[in-house]
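These notes are about the structure you will find just below.
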Amino acid sequence: MSAARRLVQAPLRGLSLLQVRHVGTVSFGAAAGDTARVYRELERDFGVLAPPVALHGPVPSLLAACWTVLRETMLAEGRAPRAAKEAVAAAVSAGNRCPFCITVHSGMLDSLSARPVSRRRPRSGPATEELTAWVRDGGKPPFPPELLPELAGTALCLQYLNRMVNIFLGPMPLPPNAPAQALGPVLRVLVGLMRSSAGTTTAPGTSLSLLPPAELPSDLDWAAADPRIADTLARAAAAVDRTAAEQLPGPVREPVAAAVARWDGADPGLGRAWLDEPLTALPPEQRPLAELALLTALASYRVDERVIAAARQAGADDRQILAACAWASLLAARRRVGQLLSDH
């Protein structure tokens, strides 16, 4: 890593964490163990201490799971070109109405499209328009089967991150109270750092040791054709499930999981019937956390200070709030990618 790049990254660390709302954060200087390792790898391989990943800092297992999936699907050297992955990321974010992720990934895609990240001849990949249409409408994937694990894995990653970002970050990659005019200069810095990282070789598989091995769940068997992606998703899914089991009572998880399994992928709307019906049997002290999880999965844009405050009043701390949102986000992400791949 160049000295000039480090000089830019260091002051951005605090600004990145200032963007996180609803939960506390772990500063770069206070990070230890695997948290410190993830923070270092984030700056090295992504270019910046990205708030969508760093917001998981209070729960190291979730931080490791989020980072491992992002790194191994989107950033590590593989079969699919980075531009194709950024096109998928931008399209998924648009479908989920996540302006923060749309801004970052569209900016990176535009930068990659304008000029290659290195002098090497870029690998050809599917056109942006074809990938956008596939993410939006489903149907036969517009790329060879060997690219499916990476590109569907990228879609899974963004389905997850969009929900977490909608809850824990603002609509734009800016610190609180920053003027809207700052977005252009900030985005140029962020994209410049991301491009700088994209221009170096990112060795595949090096983040896997953050998580123990696990069996690939049957709903993720579309990843089996690429052992590294399959291993990544298996480890991450197991870590999120294990953390949820530790932090959330079974009666909270069960009706939420059942509701997501029945979900057709459509926006359920602003009413409450769809939210109330699955949770009617829960005791009052468990319902706020279950409501947070179900809203996260099916309508993350509706999670606001009131929803978080209700969960806290019922006794939830930062770890439980993050566990509920991460578990529900991954449930929904797995469901949405499964639906996308079943359309062809």
Practice problem: Please examine the side chains of Trp67 and Leu211, heavy atoms only from C-beta on, and report whether any two atoms are closer than 4.5 Å. | Solution: no

Practice problem: Using the side chain to side chain contact (heavy atoms under 4.5 Å, CB included) rule, pick out the option among Arg82, Met74, Arg71 that qualifies with Thr202. | Solution: Arg71

Quiz item: Is a side-chain N or O of Lys85 found less than 3.5 angstrom from the main chain of Thr73, in a donor-acceptor match?
Solution: yes

Exercise. Classify the side-chain pair Arg13/Gln9 by whether it contains a donor and acceptor separated by less than 3.5 Å.
Key: no

Quiz prompt | Donor on one side chain, acceptor on other, Arg195 and Ser111, under 3.5 Å | solution = yes

Quiz item: Is a side-chain donor-acceptor pair under 3.5 Å present for Tyr301 with Asp267?
Solution: yes

Practice problem: Using a 4.5 Å cut-off on heavy atoms from C-beta on, say whether the side chain of Val256 contacts that of Pro278. | Solution: no

Practice problem: Test Cys325 against Phe168 for side-chain contact (heavy atoms from CB on, under 4.5 Å), laying out the working first. | Solution: CA-CA 10 Å; Cys325 294; Phe168 295 105; 3.8 Å; yes

Self-check item: Arg287/Asp276 salt bridge by N-O under 4.0 Å criterion
Solution: yes

Quiz item: So, does Gln320 use its side chain to make a donor-acceptor pair with the main chain of Gln247 at under 3.5 Å?
Solution: yes

Quiz item: Do Arg235 and Thr68 come within less than 4.5 Å of each other through their side chains, counting heavy atoms only?
Solution: no

Quiz prompt | Side-chain touch Pro217/Arg334, heavy atoms, less than 4.5 angstrom | solution = yes

Quiz item: Does Val88 share a hydrophobic cluster with Phe100, counting links as ILVMFWY side-chain heavy atoms below 4.5 Å and allowing steps through other members?
Solution: yes

Quiz item: So, are Arg335 and Asp219 salt-bridged, with charged N and O less than 4.0 Å apart?
Solution: no

Practice problem: Measure from the side-chain N and O atoms of Asp304 to the backbone N and O of Val307, and report whether any donor-acceptor pair falls under 3.5 Å. | Solution: yes

Quiz item: Going by distance alone, is a donor N or O of one side chain under 3.5 Å from an acceptor N or O of the other, for Ser61 and Thr243?
Solution: yes

Practice problem: Check whether any side-chain heavy atom of Leu279 sits under 4.5 Å from a side-chain heavy atom of Leu282, and report yes or no. | Solution: yes

Quiz item: According to a 4.5 Å side-chain heavy-atom criterion applied to Ile, Leu, Val, Met, Phe, Trp and Tyr, with indirect links allowed, do Leu275 and Ile167 form part of one hydrophobic cluster?
Solution: yes

Quiz item: Can a salt bridge be assigned to the pair Arg312 and Asp317 using a cut-off of 4.0 Å between side-chain N and carboxylate O?
Solution: no

Quiz item: Taking the side chain as C-beta and beyond, is there a heavy-atom pair between Cys157 and Leu161 under 4.5 Å?
Solution: yes

Quiz item: CG of Asp241 to CG of Leu331: how many Å apart, nearest 0.5 Å?
Solution: 7.0 Å

Quiz item: Is the backbone of Ile102 close enough, under 3.5 Å, to the side chain of Ser106 for a donor and an acceptor to pair up by distance?
Solution: yes

Quiz item: If you measure from the Lys or Arg side-chain nitrogens to the Asp or Glu carboxylate oxygens, is any gap between Arg228 and Glu77 under 4.0 Å?
Solution: no

Quiz item: Taking all non-hydrogen atoms of both residues, which atom of Ala237 and which atom of Leu330 are closest, and how far apart?
Solution: CA-CD2, 3.9 Å

Quiz item: Hey, are Glu72 and Ser207 close enough side-chain-wise for a donor-acceptor pair under 3.5 Å?
Solution: yes

Quiz item: Under 3.5 Å, is there a donor-acceptor pair between the Arg302 and Thr296 side chains?
Solution: no

Quiz item: Is any side-chain heavy atom of Asn166 closer than 4.5 Å to a side-chain heavy atom of Val303?
Solution: no

Practice problem: Would you please indicate yes or no on a ring centroid separation below 6.0 angstrom for His56 and Tyr160? | Solution: yes

Quiz item: Can a salt bridge be assigned to the pair Glu246 and Arg319 using a cut-off of 4.0 Å between side-chain N and carboxylate O?
Solution: no

Self-check item: Pair Phe143 and Trp134, ring centroids less than 6.0 Å apart
Solution: yes

Exercise. Measure from the side-chain N and O atoms of Gln339 to the backbone N and O of Trp263, and report whether any donor-acceptor pair falls under 3.5 Å.
Key: yes

Quiz item: Leu193 versus Ser197: any side-chain heavy-atom pair under 4.5 Å?
Solution: no

Self-check item: Residues Arg79, Glu150: salt bridge by 4.0 Å N-O rule
Solution: no

